[in-house]
There are 2 protein chains.
Amino acid sequence: MQRQIPEVVVSRLPMYLRALALLKSEGVEFISSKGLGDRLRMTPAQIRKDLSFFGKFGRQGRGYNVGRLRSELQQILGLDKNWLMALVGVGRLGRAILDYKGFAPEGFKIVAAFESEPDLIGKTVSGVQIEDIADLETSLKDKKIDIAIVAVPSSDAQVVIDKLIKSGIRAILNYAPICVRVPRGVRLQAIDPVLALQSMTFYLKRD
Amino acid sequence: MQRQIPEVVVSRLPMYLRALALLKSEGVEFISSKGLGDRLRMTPAQIRKDLSFFGKFGRQGRGYNVGRLRSELQQILGLDKNWLMALVGVGRLGRAILDYKGFAPEGFKIVAAFESEPDLIGKTVSGVQIEDIADLETSLKDKKIDIAIVAVPSSDAQVVIDKLIKSGIRAILNYAPICVRVPRGVRLQAIDPVLALQSMTFYLKRD
DNA sequence: CCTTGTGAACGCATTCACAGCA
DNA sequence: TGCTGTGAATGCGTTCACAAGG
């Protein structure tokens with residue numbers, strides 16, 4: 001049905017969605033590819049080309065209906081439902097993630113958390129009861145978890161990720177600063193501020 | 001002097017560095033581009049081509065000396081010195097960032113923090129005394145800050161970033177989930193887990 | 001045999017430019 | 001006129017393939 005969409009195109013759709021949400025809150029009804037491009041610092045052609053992979057959403061002479069395009073993109077990205085997530089690793093970083101208020105409004109709910117540290121198991125943090133990591137596989141399936149967040153020490157990350165994959169998880173948000181391997185078919189996104197810093201310094205150092 | 005290096009090449013160097021650090025800790029002395037590529041899931045040709053932008057670091061028949069290549073890359077990226085960072089926004093997220101233990105070992109030190117909330121100003125969090133955001137410009141210059149970390153609410157992020165740039169900051173790590181504009185010459189890296197999640201769901205939804 | 005370093009070939013993403021339509 | 005949607009053209013990053021060296 002849909003041709004092969006370049007990954008880089010998919011990765012830009014959430015940005016469009018953000019801009020559209022803002023436009024909607026400003027009461028803007030129609031936006032041209034040029035208008036969107038100005039806000040996002042992109043060329044209008046790129047936006048039109050990206051959207052054209054998925055259909056025709058615009059009106060000549062007018063541009064795109066903000067509300068309509070927004071709900072189209074939400075549907076395309078699968079954001080018209082709630083996604084259930086599990087956190088693995090409830091240390092310092094894990095607790096900050098559990099506490100983070102930015103996921104829920106976008107439809108991402110953390111409904112399970114796992115730890116190996118016995119003192120933490122059974123406790124409730126930010127409304128989520130911490131389970132034994134030994135129960136990972138059964139609990140993930142019981143709770144129909146879609147996405148896993150990995151916040152364990154680097155040394156444990158690969159093992160944890162292998163377990164997650166064996167449990168059927170196909171999307172992982174990894175906070176461990178390590179290069180992990182996943183088989184084809186499993187999506188992995190890394191959140192790695194140190195990597196981001198280390199590539200900025202290259203441009204800073206020329207003084 | 002050095003030709004224009006593609007940004008995507010620069011962004012891969014920190015990954016090479018990571019792999020090399022691990023290899024060194026394993027006691028490996030020489031590694032071929034093939035060996036590195038296997039670990040990083042990349043083609044050997046890409047690694048050789050990337051490195052060739054900066055010089056000739058390998059030995060035919062042997063590969064690369066792990067320690068040597070590591071220190072070359074550190075130098076290229078400007079990681080042979082400590083970088084001073086300031087945090088703006090000491091809310092929930094900001095405190096987690098101040099608390100994060102991953103920056104210091106890589107030479108990134110948070111030595112200043114700023115807030116607008118009066119109750120927080122003057123307090124010390126994770127060893128850093130919180131200053132009034134009104135003093136941003138002078139304090140950044142006094143302390144010779146190189147990099148700013150932005151962890152304020154989205155609604156304030158653009159204003160804060162404009163101030164930072166006016167204060168002479170040329171590299172920003174932005175945690176606010178918003179599309180901000182920076183002039184050419186200023187590096188901006190965004191840490192945005194929601195964006196990462198939203199592009200994974202595209203691939204999950206086909207069931 | 002093993003490797004690197006690199007010009008050339010390739011393929012893919014971005015941009016151009018224009019037909020088509022309001 | 002203003003703007004979309006899209007094939008064609010461009011530009012750029014990746015991969016190939018091989019000379020050169022150990």
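Not measured: the values here are computed from a predicted model. Lettering of chains follows the sequences in order, A, B, ..., and the numbering in each one begins at 1.
In terms of position on DNA chain C, the residue among R62(A) and R48(B) whose nearest nucleotide sits closer to the 5' end is R48(B). Both T43(A) and R59(A) lie near DNA chain C, and the one whose nearest nucleotide falls closer to the 5' end is T43(A).
Applying the side chain to side chain donor-acceptor pair (under 3.5 Å) test to every pair with at least one member in residues 57-69 of chain A, sequence neighbours left out, gives these pairs: R68(A)-E72(A). Counting only residues at least two apart or in different chains, side chain to side chain donor-acceptor pair (under 3.5 Å) contacts with residues 81-98 of chain B comprise D99(A)-R92(B). Counting only residues at least two apart or on different chains, the salt bridge (charged side-chain N to carboxylate O under 4.0 Å, His left out) pairs with a member in residues 43-58 of chain B are R12(B)-D50(B).
The phosphate of dG2(D) has neither OP1 nor OP2 within less than 4.0 Å of any side-chain N or O from Y64(A). Listed pair Q60(B) / dA20(D) fails the phosphate criterion, with no side-chain N or O lying under 4.0 Å from OP1 or OP2.
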(message) Using a 4.0 Å heavy-atom cut-off to protein, can you give one letter per nucleotide of nucleotides 7-12 of chain C, 5' to 3': B if the base is in contact, S if only the sugar-phosphate is, - if neither?
(response) BB----

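Between S33(B) atom OG and L40(B) atom CG the span is 11.5 Å, to the nearest 0.5 Å. To the nearest 0.5 angstrom, I31(A) atom CD1 is 4.5 Å from L23(A) atom CG.
Rounded to whole Å, atom C1' of dC3(D) lies 15 Å from atom CG of N65(A). Between L51(B) atom CG and dT6(C) atom P there is a gap of 11 Å when expressed in whole angstrom units. Remark: C1' of dA13(C) and CD of E7(B) are 16 Å apart, rounded to the nearest angstrom. One can place CD1 of I47(A) at 13 Å from C1' of dT14(C), the figure rounded to the nearest angstrom. Atom CD in Q46(A) sits roughly 15 Å away from atom C1' in dG5(D) (whole-Å rounding).
Interface residues of residues 19-39 of chain B facing DNA chain D, ordered by number: none; criterion, heavy-atom separation under 4.0 Å.
Remark: K101(B) NZ is packed, more than 12 non-hydrogen atoms of other residues, nucleotides or ligands lying under 6.0 Å away. Taking a 6.0 Å sphere around CD of E117(A), one finds it holds more than 12 heavy atoms contributed by other residues, nucleotides or ligands.
Note on R39(A) versus E26(A): salt bridge recorded, some NZ/NE/NH1/NH2 to OD/OE distance being below 4.0 Å. We find that D38(A) and K34(A) are joined by a salt bridge, their nearest charged nitrogen and carboxylate oxygen being less than 4.0 Å apart. A salt bridge between R18(A) and E106(A) is absent, with no side-chain N of the basic residue lying under 4.0 Å from a carboxylate O of the acidic one.
With the end axes of the helix from dC1(C)-dG22(D) to dA22(C)-dT1(D) each set by five pairs, the angle from one to the other reads 0° at 10° resolution.
Remark: K205(B) qualifies as a cation-pi partner of F202(B) under the 6.0 Å distance and 45° angle criteria applied to the six-membered ring.
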